[in-house]
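Report on one structure; see the data block that follows.
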Amino acid sequence: MTTTPAPDRTHTTSTTPAPAAGATPTTTNTTGSTSTAATTTTGTSTTATAGSAAASTATAGTTTATAGMSTATAGTSTATAGSAAATAHAAGTPATAPAPRDTTTGDLAVRHLKVAVIGAGISGLGTAIGLLRAGETDFLVFERATDLGGTWRDNTYPGCACDVQAHLYSFSFARNPEWKSTFATQAEVHAYLKTTATRHGVDPHLRYGHELLDARWDDTHHHWNLTTSHGRYTAQILVTGTGYLSDPATPDLPGLDTFTGTLFHSSQWRHDHDLTGRTVAVIGTGASAIQFVPQIQPHVAGLHLYQRTPPWVAAKPDKPNTPRHTWMLRHLPGYQRFRRAFNKHGREIVAFFMSRPTRTTGMKNMAAGHLKKSVKDPALRQRLTPDYTVGCKRLLFSNTWYPAIQQPNVDIISDTITHVGPTHITTADGTRRDVDTIILATGFTATNRPIAHRIHGRDGTTLAHTWHTTGMTAHRGTTIHGFPNLFMILGPNTTLGHSSQTVMIEAQITYILSALKTLTTHHLTTLEVRPEAQTAYNHTIQTRLKNTVWNNGGCTSWYTDTQGNNPSIWPTYTWRFRRQTRHLDITNYQTSTHTDHTHTTP
């Protein structure tokens, strides 16, 4: 075994102004980044598996899987309870050999990558497939858990399903004719992502159990220095695909840490904890709660549902796909593409309604009609009627929510929780209720993303500090001034309140691929959005948001931050975002070049 040292580079660096539209930027003797074949070392704490080189290259049709991946070091997040071990398939046959590691735990070998992708959810997998389709193979996808899937791996609570039509929620380049109904279940989406990754050759590029602990921009060498829970890497391009629904939010409730019963978040479901016959408190009535509450209600002795504000809930038009429909999806060319396009354009109409609170009357009547039909008791119906404009908070869809919460063993509680004790919860009216299980349906840290605390830009400042100072903004929701060669999928103001996130994800992948092409074509080493371009873009977004239902609908939602700003929602039609991200707008970027002399060991 030989050890490949980190590249010895001599650099001549210049920062160039963005060229005029259509012009070629001036560069200084720039060469493309050379990927060094990584090897493993002997006599260290890290050993190659089955004689494989640490930087594994996929052979035709061959994939590797991780099994028994060691737990991440202190501070590393563990995989969510219920997540399955990662399994890859080679020609339809499960592979059981563990995937090799890529570096030693010390400084003896550092693999350089063209692109490092963080997260193996929909965003990360879509990026990987996009890179492969563009002919780029020098990349790895780092995943902290032991399986791919992101949100659809973690959220295994009973009843978990998508509320966007399955044809639209899947990738446009990987359509699936096997969906069982209009809306896919969690298990279906997860299986789809695993199959799609294998089919498109992503598996060899996946590194499980690799949590990103630290990412620092090196302005001398023009690359990112990455520290993961399993080693160190460098990368010219860093893509984050961690999304905004990856880290659960725990409410700040006095005494919650003193509770001696079973406590868990809905995204970390305790499948080993049998709820049969138990007294359960559910805190929160959002998208997760309306799915799992109807599933657990028939089995618990008592269910205390703590409702801060009731949600608007509409009927869910979910229908099983008939054999005839499935046959058409499988065999009629263009039919599945038509169904996806029909769903996509149909949902654009909702963006028009939500652009002004006064335009949501029809949506309100639809949801109010569903409530009136489902709840006959006028007093209860009043308690379940929201006091904000429909759409201000996420509009939910369920046919089972209202029947479930009207059952005799369910108690709907609207009073504020003042204290949690070892075996009870006390509310503002002084009532103490004994419980043995608490389930938190309290959402995620959408506007305070943990990964932002781990990314350090040009001056060493973290992205979290930058956003705390200037506000959570990005150009095209993807690039951020002060953080060269960083591309964030589902960054600020890319959340949709009316359509499928896969539409936005694919648009951002197109933008990233255009950036990579620009770097190569013009022999550039860095792209960094100009501050004035980012500011102007954000001003346009916030101006569009000002009169929408999301900002002016009379509610407080997870879309907004603690200052009342809305760094989450894309305020208009998705076709506008797709048009903006079709090509990298290089005139809005600062660019740099350098000379790269790389020494490799055969």
Side-chain angles (χ1 to χ4, degrees), residues 6-7 32-33 35 102-103 110-121 123-128 130-131 134 136-144 205-207 210-243 246 449-467 474-492 494 505 508-509 511-520 524-529 534 584 589-592 594:
S33 175
S35 174
D102 294 276
T103 71
V110 177
R111 181 178 176 183
H112 180 70
L113 304 165
K114 181 66 173 293
V115 184
V117 182
I118 310 301
S123 297
L125 295 176
T127 302
L131 290 169
E136 181 58 67
T137 60
D138 185 15
F139 72 91
L140 290 176
V141 180
F142 298 107
E143 170 55 53
R144 67 182 178 183
H205 298 270
L206 295 171
R207 294 297 178 266
H210 283 59
E211 181 179 14
L212 178 69
L213 303 178
D214 188 79
R216 293 179 182 267
W217 174 252
D218 185 330
D219 211 29
T220 300
H221 298 86
H222 286 193
H223 66 218
W224 286 93
N225 291 318
L226 308 176
T227 302
T228 77
S229 52
H230 273 279
R232 296 175 56 247
Y233 299 80
T234 62
Q236 183 185 10
I237 304 296
L238 177 62
V239 179
T240 64
T242 53
S246 57
R449 305 188 188 187
I451 194 171
H453 296 269
R454 305 182 184 194
I455 299 176
H456 302 258
R458 184 186 296 281
D459 61 358
T461 302
T462 65
L463 179 56
H465 183 268
T466 298
W467 278 346
H475 182 64
R476 305 284 190 258
T478 311
T479 55
I480 303 154
H481 178 69
F483 297 82
N485 292 6
L486 171 67
F487 298 87
M488 176 171 281
I489 297 182
L490 295 184
T494 57
I505 291 169
Q508 289 187 276
I509 292 170
Y511 194 64
I512 293 169
L513 294 178
S514 177
L516 290 175
K517 185 177 180 180
T518 299
L519 286 167
T520 301
L524 305 174
T525 56
T526 67
L527 288 169
E528 180 182 359
V529 67
Q534 183 174 326
L584 183 84
Y589 284 82
Q590 300 168 337
T591 64
S592 300
H594 67 177

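Quick note: residue numbers are just sequence positions, from 1. Note that the structure is a prediction, hence the values are computed from the model and not measured. Computation of the quantities below employed the complete heavy-atom set of this structure, encompassing side-chain atoms and omitting hydrogens, waters and symmetry-equivalent molecules.
Taking all atoms of both residues into account, the shortest heavy-atom contact from Gln508 to Gly491 is NE2-N, 4.1 Å. When all heavy atoms of Gly130 and Ile509 are compared, the closest pair comes out as CA-CG2, 4.4 Å. When every heavy atom of Ala235 is checked against every heavy atom of Leu226, the shortest pair comes out as CB-CD1, 4.2 Å. Between Leu513 and Leu131, the shortest heavy-atom contact is CD2-CD2, 3.9 Å. Of all non-hydrogen atoms in Arg458 and Asp219, the two that sit nearest each other are NH1-OD1, 2.6 Å.
To the nearest 0.5 Å, atom OG1 of residue Thr242 and atom CE of residue Met488 are 6.0 Å apart. Between the CZ atom in Phe139 and the CG atom in Leu113 there is a gap of 10.0 Å [rounded to 0.5 Å]. Atom NZ in Lys517 sits 12.0 Å away from atom CG in Leu584 (nearest 0.5 Å). Going from atom CD1 of Ile118 over to atom CD1 of Ile455 covers 8.0 Å, rounded to the nearest 0.5 Å. Note: Trp217 CH2 to Leu486 CG = 10.0 Å, rounded to the nearest 0.5 Å. Atoms OG1 and NE2, on Thr137 and His205 in that order, are 6.0 Å from each other to the nearest 0.5 Å.
Take Thr479 and apply the side chain to side chain donor-acceptor pair (under 3.5 Å) test, not counting sequence neighbours, and it matches Tyr589. In this view, Ser123 and Ile489, Leu490, Ile505 satisfy the side chain to side chain contact (heavy atoms under 4.5 Å, CB included) rule, not counting sequence neighbours. Remark: Asn225 engages Asp218, His223, Thr234 in a side chain to side chain contact (heavy atoms under 4.5 Å, CB included) (not counting sequence neighbours). Considering only residues two or more places apart in sequence or on other chains, His456 meets the side chain to side chain contact (heavy atoms under 4.5 Å, CB included) condition with Asp214, Arg216, Thr462. Residues that satisfy the side chain to side chain contact (heavy atoms under 4.5 Å, CB included) test with Thr461, not counting sequence neighbours, are Asp459, His465, Thr466. Every residue was checked against the salt bridge (charged side-chain N to carboxylate O under 4.0 Å, His left out) condition with Arg449, not counting sequence neighbours, and none meets it.
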Run the side chain to side chain contact (heavy atoms under 4.5 Å, CB included) check on His481 and His475 step by step: do they pass?
-> CA-CA 8 Å; His481 178 69; His475 182 64; over 6 Å; no
Under the side chain to side chain contact (heavy atoms under 4.5 Å, CB included) rule, what do Leu238 and Asn485 come out as? Steps first, then yes or no, please.
-> CA-CA 6 Å; Leu238 177 62; Asn485 292 6; over 6 Å; no
Chi angles and distances behind the side chain to side chain donor-acceptor pair (under 3.5 Å) call for His222, Gln236 = CA-CA 7 Å; His222 286 193; Gln236 183 185 10; over 6 Å; no
Leu527/Thr591 under side chain to side chain contact (heavy atoms under 4.5 Å, CB included): CA gap, chis, key distance, verdict | CA-CA 5 Å; Leu527 288 169; Thr591 64; 3.6 Å; yes
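The closest side-chain heavy-atom distance from Val115 to Asp138 is not below 4.5 Å. Looking at heavy atoms from C-beta onward, Lys114 lies in side-chain contact with Thr520 at the 4.5 angstrom threshold. For the pair Val141/Thr127, no side-chain contact is recorded, criterion being any heavy-atom separation below 4.5 Å from C-beta on. Two residues are said to be in side-chain contact when any heavy atoms from C-beta on lie closer than 4.5 Å; Leu140 and Val117 fail this criterion. Contact of the Leu206 side chain with the Leu125 side chain is registered, since non-hydrogen atoms from C-beta on lie closer than 4.5 Å. In this structure, Tyr233 and His210 have side chains that are in contact, with non-hydrogen atoms separated by less than 4.5 Å. Within the 4.5 Å cutoff, the side chain of Phe487 has heavy atoms near those of the Thr478 side chain. Between Glu211 and Arg454 the shortest side-chain heavy-atom distance falls below 4.5 Å.
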